Amino acid sequence: MPTMFYNTLSHSLAEFIPLVPGPDSADPLRGAVIRMYSCGPTVYDYAHIGNFRAFLFADVLRRYLEFRQARVQQVMNMTDVGHMTDDAVADGAGQDKLQLAVEKMKATKKSGQALVADPNNPFQVADFFAAAFLADARALGLAVVADYDRADDAAAREVVMPRPTRHIDDFIQLIQRLLANGHAYVAADGVVYYDVGSFGAYGKLSGNDLSRLAHGAGGRTNSQAAKRHPADFFLWKPDRAHLMRWNSPWGEGYPGWHIECSAMAMHFLGESLDIHTGGEDNIFPHHECEIAQSEGATGKEFARCWMHTRHLMVNGEKMSKSKGNFFTMGDLTGKGYDPLVIRYALICTRYRETTNFTLQSLHEAAAAITSLRDLADKLTRTVAAVDEAAGDGDTAGFAGVEPGRTAAHAVLLAADEAAMIDEFSQAMDDDLNISAALAALFTWANPLAKKGKLDYPTARSGLAALRRVDHVLGVIFPPLRALPPVIQKKVDALMHQRLQARKSRDFTASDALRRELAALGVDVQDTPAGSTCRPRLAPPV
RNA sequence: GGCCGGAUGCCCGAGCGGACUAAGGGAGCGGAUUGCAAAUCCGCGAUUCGUGGGUUCGAAUCCCACUCCGGCCUCCA
């Protein structure tokens with residue numbers, strides 16, 4: 001079955017064929033090199049789970065392509081240029097968002113918790129939130145951040161998650177190119193604008209057309225004398241008062257908010273990309289403008305496939321700051337949810353559906369992950385026991401290699417496993433239908449989990465299959481977060497206390513202790529051999 | 001006003017013309033086991049797919065109308 005993705009550009013499902021396909025025409029993904037650009041976070045504040053849903057969608061997409069044996073070069077920007085809160089006239093009005101962040105930082109400093117040394121320094125503020133983003137993203141298992149962490153120096157990291165403030169020269173060059181070929185102009189107010197009228201394809205992504213943009217009820221109608229068309233957007237704005245500003249041929253100022261993605265994507269990935277991802281809100285105007293800038297400059301198709309994820313709702317409502325109904329990672333981990341639970345809850349529905357996020361969905365996720373992890377444990381123990389007895393230490397072959405890439409692929413799968421992998425893959429080929437893919441996984445996993453004793457070939461094959469799907473899912477094999485040492489001490493003490501209570505058959509005390517332990521984040525299980533405990537993925541209900 | 005999506009059991013969510021007596025997950029209920037516990041195991045929950053028409057031998061799946069919900073058109077993932 002061909003790999004079908006919904007392409008916002010064509011408004012339809014179409015087979016995805018890489019620009020540089022692999023050698024096998026029957027399976028163009030295998031061995032392909034796929035260049036993918038993902039619109040990343042702005043680092044003016046903590047990212048919320050709605051943001052992370054979009055990044056996780058890109059992550060699952062990338063991981064699935066790797067599952068299919070493609071090599072993916074993914075670039076995700078971290079926007080640290082202070083863009084404007086009120087860009088309604090496509091002209092940089094309102095307040096600088098980084099300026100707002102700086103004000104907030106100053107406020108927290110006054111209240112005694114200094115988050116950065118100098119809250120007046122926008123670069124420090126941006127660095128602070130960039131670090132916070134990376135920490136959250138690591139916990140969620142974003143592969144692009146793993147790449148970033150593996151990069152050995154700052155320059156190498158820059159390739160993976162570039163920061164616009166370090167690419168101002170690229171922006172200037174791109175703007176000069178657009179000026180030279182007539183797609184941009186310097187207006188009477190000294191601002192450099194993109195001339196949308198010069199780019200006939202403007203609107204091809206979003207379905208907007210210029211006449212409607214000029215006259216529609218949805219804003220952007222403000223006439224600005226300096227611009228040729230109301231939809232013209234600025235590329236560079238001279239402004240000596242702006243918080244972050246740089247020298248340019250058009251005076252000291254700052255870049256427009258669309259130029260960074262065009263410039264950095266082309267800088268690192270070339271003039272044509274395979275896939276460009278983002279949230280649905282990026283379609284217009286951001287991605288529309290990216291296309292105009294990039295294709296206006298190069299004359300080549302900028303991105304072959306545009307993929308957008310729908311918004312996340314919280315408790316049935318759109319997330320918004322005024323309602324205060326958004327969660328950050330810290331909010332949820334603080335309540336006792338493991339990041340892997342959050343990951344699962346955010347990836348387990350198809351990216352093109354509006355999804356409603358609730359705390360209940362986290363508990364469902366915890367239950368689902370727990371059963372898969374229990375199966376993985378059982379398979380691992382079975383394999384390890386035999387390998388140990390045989391003395392070949394072969395289990396290292398599983399642990400040491402990046403999952404999904406080599407070792408797991410090298411293990412020949414039994415018929416059941418192969419069928420599951422095939423079904424999983426077919427579902428994902430259908431525009432990343434992860435619900436159906438998960439159904440295939442559970443349908444295979446449940447009987448295996450219920451079987452009492454497994455033979456070695458079954459366990460080994462099952463483990464390899466689980467590792468392969470988990471290369472996409474990323475929730476079965478990554479370690480859970482560790483209990484803080486202080487809590488661990490308490491847990492040990494309570495477990496001991498409980499053992500005493502059970503010895504004297506004081507089950508009331510034993511159960512009370514179980515609840516205490518649950519509140520601390522561990523689940524207790526009693527077996528004939530004694531009591532054990534393990535970390536909980538979610539707090540008790 | 002323009003342009004898009006969506007409505008499936010208690011909840012989430014697949015299915016997109018015949019294998020649907022509707023996947024999978026969660027919650028619930030009954031039983032086994034147990035400490036009248038936790039964990040585990042076995043079993044049970046939609047004659048029905050927003051409403052009304054239509055097409056068809058056959059519709060959750062196609063067409064029309066209606067109702068409701070959501071998104072974008074403006075900073076947002």
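No experiment lies behind these values; they were computed from the predicted model shown. So that the names make sense, note that chain A is the first sequence line, chain B the second, and so on, each numbered from 1.
B:G52 takes the anti form, because its glycosidic angle lies more than 90° either side of 0.
Between A:R502 atom CZ and B:G35 atom P there is a gap of 9 Å when expressed in whole angstrom units. One atom, CZ of A:R352, and another, P of B:G15, lie 11 Å apart when rounded to the nearest Å. What separates NE2 of A:H48 from C1' of B:C75 is a distance of 12 Å, to the nearest Å. Between the CG atom of A:L359 and the P atom of B:G26 there is a distance of 18 Å, rounded to whole Å. Computed from coordinates, the A:Q360 CD to B:C11 P distance equals 10 Å when rounded to whole Å. In this structure, the CG atom of A:N51 is 8 Å from the C1' atom of B:C76, given to the nearest Å. When rounded to the nearest whole Å, the span between CG of A:L362 and C1' of B:C12 equals 12 Å. Whole-Å rounding puts the A:L441 CG to B:A14 C1' distance at 15 Å.
You'll find that the side chain of A:S435 is closest to B:G13, out of B:G13, B:G24, B:A38. When each of B:G35, B:A77, B:C4 is scored by its nearest atom to the side-chain atoms of A:R505, the top-ranked nucleotide is B:G35. Closest to the A:M313 side chain, of the nucleotides B:G26, B:G70, B:A77, is B:G70. Comparing B:A38, B:A23, B:A77 against the side chain of A:D526 picks out B:A38 as the nearest.
A close approach under 4.0 Å does not occur between any side-chain nitrogen or oxygen of A:K503 and OP1 or OP2 of B:G35. Contact check, A:K318 against B:C76: no side-chain N or O comes under 4.0 Å of OP1 or OP2.
In this structure, A:A436 and A:I283 both approach RNA chain B, and ranking their closest nucleotides by distance from the 5' end singles out A:A436. Between A:N356 and A:H363, the residue whose closest nucleotide on RNA chain B is further toward the 5' end is A:N356.
Between B:U47 and B:U33, the two C1' atoms lie 36 Å apart (nearest whole Å). Here the separation of B:A32 from B:A38, taken at their P atoms, is 14 Å to the nearest Å. Taking atom P on both B:A46 and B:G5, the two are 33 Å apart, rounded to the nearest angstrom. The same atom, P, is picked in B:U48 and in B:G43; the two are 26 Å apart, to the nearest Å. Remark: the separation of the C1' atoms in B:C49 and B:U21 is 15 Å, to the nearest Å. The separation of B:A22 from B:G13, taken at their C1' atoms, amounts to 12 Å, rounded to a whole angstrom.
No side-chain heavy atom of A:L65 sits less than 4.5 Å from a side-chain heavy atom of A:Q74. Here the side chains of A:R534 and A:D374 are in contact, with some heavy-atom distance below 4.5 Å. Proximity of A:L56 to A:T309: side-chain heavy atoms (C-beta onward) are nowhere separated by under 4.5 Å. The closest side-chain heavy-atom distance from A:R514 to A:D511 is below 4.5 Å. Looking at A:V491 and A:M495, their side chains come closer than 4.5 Å, going by heavy atoms from C-beta outward.
Among the protein residues, A:L312 comes within range of the nucleic acid bases, having at least one heavy atom under 4.0 Å from a base atom. Residue contacts for A:D430: at a heavy-atom cut-off of 4.0 Å it reaches the sugar-phosphate backbone alone, with no base atom in range. Using a 4.0 Å heavy-atom cutoff across all strands shown, A:S361 reaches no nucleic acid atom at all. A:N433 comes within contact range of the sugar-phosphate backbone alone, with a heavy-atom separation under 4.0 Å but no base atom that close. Here A:R53 lies out of heavy-atom contact (under 4.0 Å) with every strand. Note on A:N282: only backbone sugar-phosphate atoms sit closer than 4.0 angstrom, heavy atoms only; bases stay farther off. Residue A:G50 is in base contact, counting any heavy-atom pair closer than 4.0 Å across all strands shown. In this structure, A:S206 reaches neither bases nor backbone, as no heavy-atom distance under 4.0 Å exists between it and the strands shown.
Enclosure of atom NE2 in A:H11 by more than 12 non-hydrogen atoms of other residues, nucleotides or ligands within 6.0 angstrom is indicated.
Side-chain atoms of A:N446 stay outside donor-acceptor range of the base of B:G24, with no qualifying N/O pair under 3.5 Å.
Base pairing analysis places B:G24 opposite B:C12; the two distances defining the Watson-Crick or G-U wobble pair are each below 3.5 Å. B:C68 and B:G6 make up a base pair, with Watson-Crick or G-U wobble contacts both under 3.5 Å. Under the Watson-Crick or G-U wobble criterion, with both distances below 3.5 Å, B:G30 is paired with B:C42.
By the 30° and 60° cut-offs, the orientation of the rings of A:F16 relative to A:F5 is tilted.
Donor-acceptor pairing under 3.5 Å is lacking for the side chains of A:N315 and A:T358.
Taking every heavy atom of residues 344-351 of chain A and every atom of RNA chain B, pairs under 4.0 Å involve A:T349, A:R350, by number.
The ring of A:Y46 has its center no closer than 6.0 angstrom to the ring center of A:F327.
By the stacking rule of 5.5 Å between ring centres and under 30° between planes, A:F507 stacks on the base of B:G35.
The side-chain tip of A:R228 does not point at the ring of A:Y193 from less than 6.0 angstrom away and within 45° of straight on.
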